[in-house]
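Notes for the one structure printed next.
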Amino acid sequence: MSSTFNTWEIILYGIVVTVPCVLLAAYTFRDDFRYSMKTMIPAAIVLCAVQVLLNAGIEFFPRSMYVWSDFLRGAVYLGFLLLMIKEPAGKVLFFLIALSNFSNYFVIMGKFIESRFSREMALMRYNWTYAVCVLAVECVCLPILYYLLFKPLAELKTSDSERRMWLYLCLVPATFTVFWVVWFYGDAEPALYRCMTYSYWIVKLATDIGALIIYHLIVMLMREQEKNLRLSEESYEQSLELAQYNSMRDTLERARVLRHDLRHHMNAIYGYAEEAGNEEIMDYIDGIMEQSRLQEPLRVCENPAANYMLQHYIIEASEQGIKMNVNFSMPQDFFMKPMDVTILLGNLLKNAMDACVRERPDEPYISVKGRMQTDSIFVMSVSNPSNEAAPKDAAGHILSHNHPGRGIGVNSISSIVKRYGGVAHFSREGGVFTAEIMVSKQ
């Protein structure tokens with residue numbers, strides 16, 4: 001090893017260039033760990049130790065081997081991240097290559113700053129002052145990179161169709177890496193001297209700023225695609241829900257017509273039986289006419305769309321042995337579109353019904369309340385007994401009990417409420433799950 005620096009200085013340098021990047025990766029993907037913290041922390045320590053040893057060990061090899069050392073350390077990083085983090089390989093690789101590109105700037109800028117204080121110390125390559133300067137650059141740059149690039153990247157929820165796309169997008173930072181390798185290792189002049197010149201770090205800074213802008217645009221475009229995909233899925237699901245609820249409405253309407261006609265038929269039969277003096281038939285018809293399903297349907301509120309939904313679930317709740325408490329008032333000329341009223345109320349009632357059927361409480365019930373709080377604000381709530389905490393993902397989104405991923409009904413509710421400038425709040429307290437909704441006239 002060169003006598004211009006001590007062993008502890010090259011180890012210190014290895015720690016400085018390794019530990020902050022590992023901490024950044026851990027913090028960025030903190031919600032996507034495959035294992036517990038008891039496993040992750042020792043694994044991260046082992047990774048840092050291996051990287052420091054690889055960085056120090058390369059000093060025993062010719063300069064031509066340096067580039068292969070960089071690739072080896074990158075491969076170790078990649079293997080660790082893929083093993084420990086539940087993210088698609090392409091997305092992890094994009095993160096790693098991008099971070100590697102910026103790390104190259106940290107070491108160049110660190111060497112340049114060191115040379116401004118003392119060119120003699122800068123020529124010692126791994127003098128302790130170099131590690132201090134690199135650490136100072138990291139403290140400034142890493143938070144900026146996190147908020148502009150890595151935080152939005154981690155928040156992206158990659159669908160199956162986007163996994164392959166991330167592999168192609170990795171070619172963008174990989175191109176900058178090739179440019180860096182050729183530029184840094186391909187010159188006959190030692191890189192140590194070039195790092196101390198203004199032109200060298202300015203070109204590298206301009207390149208990395210351009211790279212950051214491109215990476216940021218890629219992440220924003222992926223976010224926009226994710227948003228459009230989610231809106232498309234919500235629109236499709238809402239169209240299916242609307243078709244289902246329209247079918248319910250048509251069924252209730254046909255049933256109402258049949259009940260109306262059947263009452264006339266029963267009255268006619270009752271008249272014939274009365275003329276014939278057949279009291280048994282008369283008593284039988286009286287019993288049938290008393291049954292609720294042959295009476296005119298209950299009118300719960302003035303709004304037709306809400307009334308159809310409440311009618312349907314009152315009947316279904318009765319068949320399931322679930323008590324339905326309804327105190328709901330919605331005007332006929334309500335400001336929401338009938339389609340939105342149908343989907344919003346239908347999803348709330350269906351979720352409550354499914355919870356009662358799934359959990360089977362001793363006294364199942366659904367409480368539905370709704371009223372105009374002001375001329376332009378409507379509030380409603382749906383409650384049901386529940387001792388089962390709603391499953392949530394790392395971002396706090398409620399997950400479905402019926403299929404993997406976020407609940408479609410909850411997505412539809414949130415989307416409609418947001419459209420009307422409202423708020424949706426879901427809570428469970430004292431064994432009761434409550435969905436509270438507020439919407440306003442726009």
Side-chain angles (χ1 to χ4, degrees), residues 31 157 230 233-234 237-238 240-245 247-249 251-252 292-293 297-298 300-301 305-328 330 340-371 378-418 422-439:
D31 296 326
K157 302 302 178 184
R230 185 173 66 253
E233 290 175 349
E234 288 178 359
E237 295 298 339
Q238 286 182 7
L240 292 180
E241 291 169 350
L242 183 61
Q244 179 184 5
Y245 295 139
S247 177
M248 292 180 188
R249 182 197 62 193
T251 300
L252 288 170
S292 61
R293 288 185 178 275
L298 176 66
V300 183
C301 70
N307 196 58
Y308 280 126
M309 282 298 97
L310 289 167
Q311 283 181 20
H312 171 79
Y313 282 101
I314 287 173
I315 294 172
E316 186 171 335
S318 177
E319 293 173 349
Q320 296 287 347
I322 300 171
K323 184 179 180 181
M324 194 92 163
N325 303 318
V326 181
N327 182 10
F328 198 90
M330 180 180 284
D340 293 335
V341 172
T342 298
I343 295 175
L344 178 62
L345 187 56
N347 273 306
L348 290 169
L349 293 173
K350 184 178 186 303
N351 289 346
M353 183 73 66
D354 289 346
C356 287
V357 172
R358 183 177 62 253
E359 297 188 35
R360 296 292 181 184
D362 294 335
E363 296 182 3
Y365 69 87
I366 298 174
S367 176
V368 187
K369 299 178 182 179
R371 63 184 178 86
F378 182 82
V379 293
M380 63 183 295
S381 66
V382 177
S383 303
N384 58 273
S386 175
N387 292 315
E388 184 180 275
K392 297 182 179 180
D393 61 15
H397 301 130
I398 295 178
L399 301 177
S400 173
H401 286 279
N402 303 320
H403 59 79
R406 292 179 61 181
I408 295 171
V410 173
N411 279 344
S412 297
I413 292 169
S414 300
S415 175
I416 292 173
V417 168
K418 184 177 180 181
V423 177
H425 181 254
F426 306 94
S427 62
R428 186 176 68 90
E429 185 175 352
V432 177
F433 182 84
T434 302
E436 298 173 295
I437 304 296
M438 186 278 288
V439 289

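Each residue takes its place number in the sequence, starting with 1.
- Taking both residues in full, the closest heavy atoms of Asn387 and Gly431 are given as OD1-CA, 3.7 Å, listed atom of the first, atom of the second, then distance.
- The line from CD1 of Ile315 to CE of Met324 is 10.5 Å long, rounded to the nearest 0.5 Å.
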- [ ] Go through the steps for Leu310 and Phe328 under the test side-chain contact (heavy atoms from CB on, under 4.5 Å), then give the verdict.
- [x] CA-CA 9 Å; Leu310 289 167; Phe328 198 90; 3.8 Å; yes
Task: His312 and Leu349: CA distance, side-chain angles, deciding distance, side-chain contact (heavy atoms from CB on, under 4.5 Å) verdict - done: CA-CA 10 Å; His312 171 79; Leu349 293 173; over 6 Å; no
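- Atom CG of Leu348 and atom OH of Tyr313 lie 10.0 Å apart (nearest 0.5 Å).
- Side-chain contact between Ser386 and Glu359: present, with at least one pair of heavy atoms (C-beta onward) separated by less than 4.5 Å.
- Between Leu345 and Tyr308 there is no side-chain heavy-atom pair separated by less than 4.5 Å.
- Pairing each heavy atom of Ile437 with each of Ala424, the nearest pair is CD1-CB, 3.6 Å.
- Atom CD of residue Gln320 and atom CE of residue Met353 lie 7.0 Å apart, to the nearest 0.5 angstrom.
- Between atom CD1 of residue Ile343 and atom CD1 of residue Ile416 there is a gap of 5.0 Å, rounded to the nearest 0.5 Å.
- The one candidate from Met438, His425, Glu436 that meets the side chain to side chain contact (heavy atoms under 4.5 Å, CB included) condition with Ser381 is Glu436.
- Contact detail for Thr434 and Ser383: the closest heavy-atom pair is OG1-OG, 3.2 Å.
- For the residue pair Arg371 and Phe378, the shortest heavy atom distance occurs at O-CD1, 3.2 Å.
- Between the CZ atom of Phe426 and the CD1 atom of Ile413 there is a distance of 4.5 Å, given to the nearest 0.5 Å.
- Contact between Cys356 and Ile366 at its shortest, heavy atoms only, is SG-CG1, 4.1 Å.
- Nearest approach of Pro364 to Gly321, heavy atoms of both residues: CG-O, 3.6 Å.
- In this structure, CD on Gln311 lies 9.5 Å from CE on Met309, to the nearest 0.5 angstrom.
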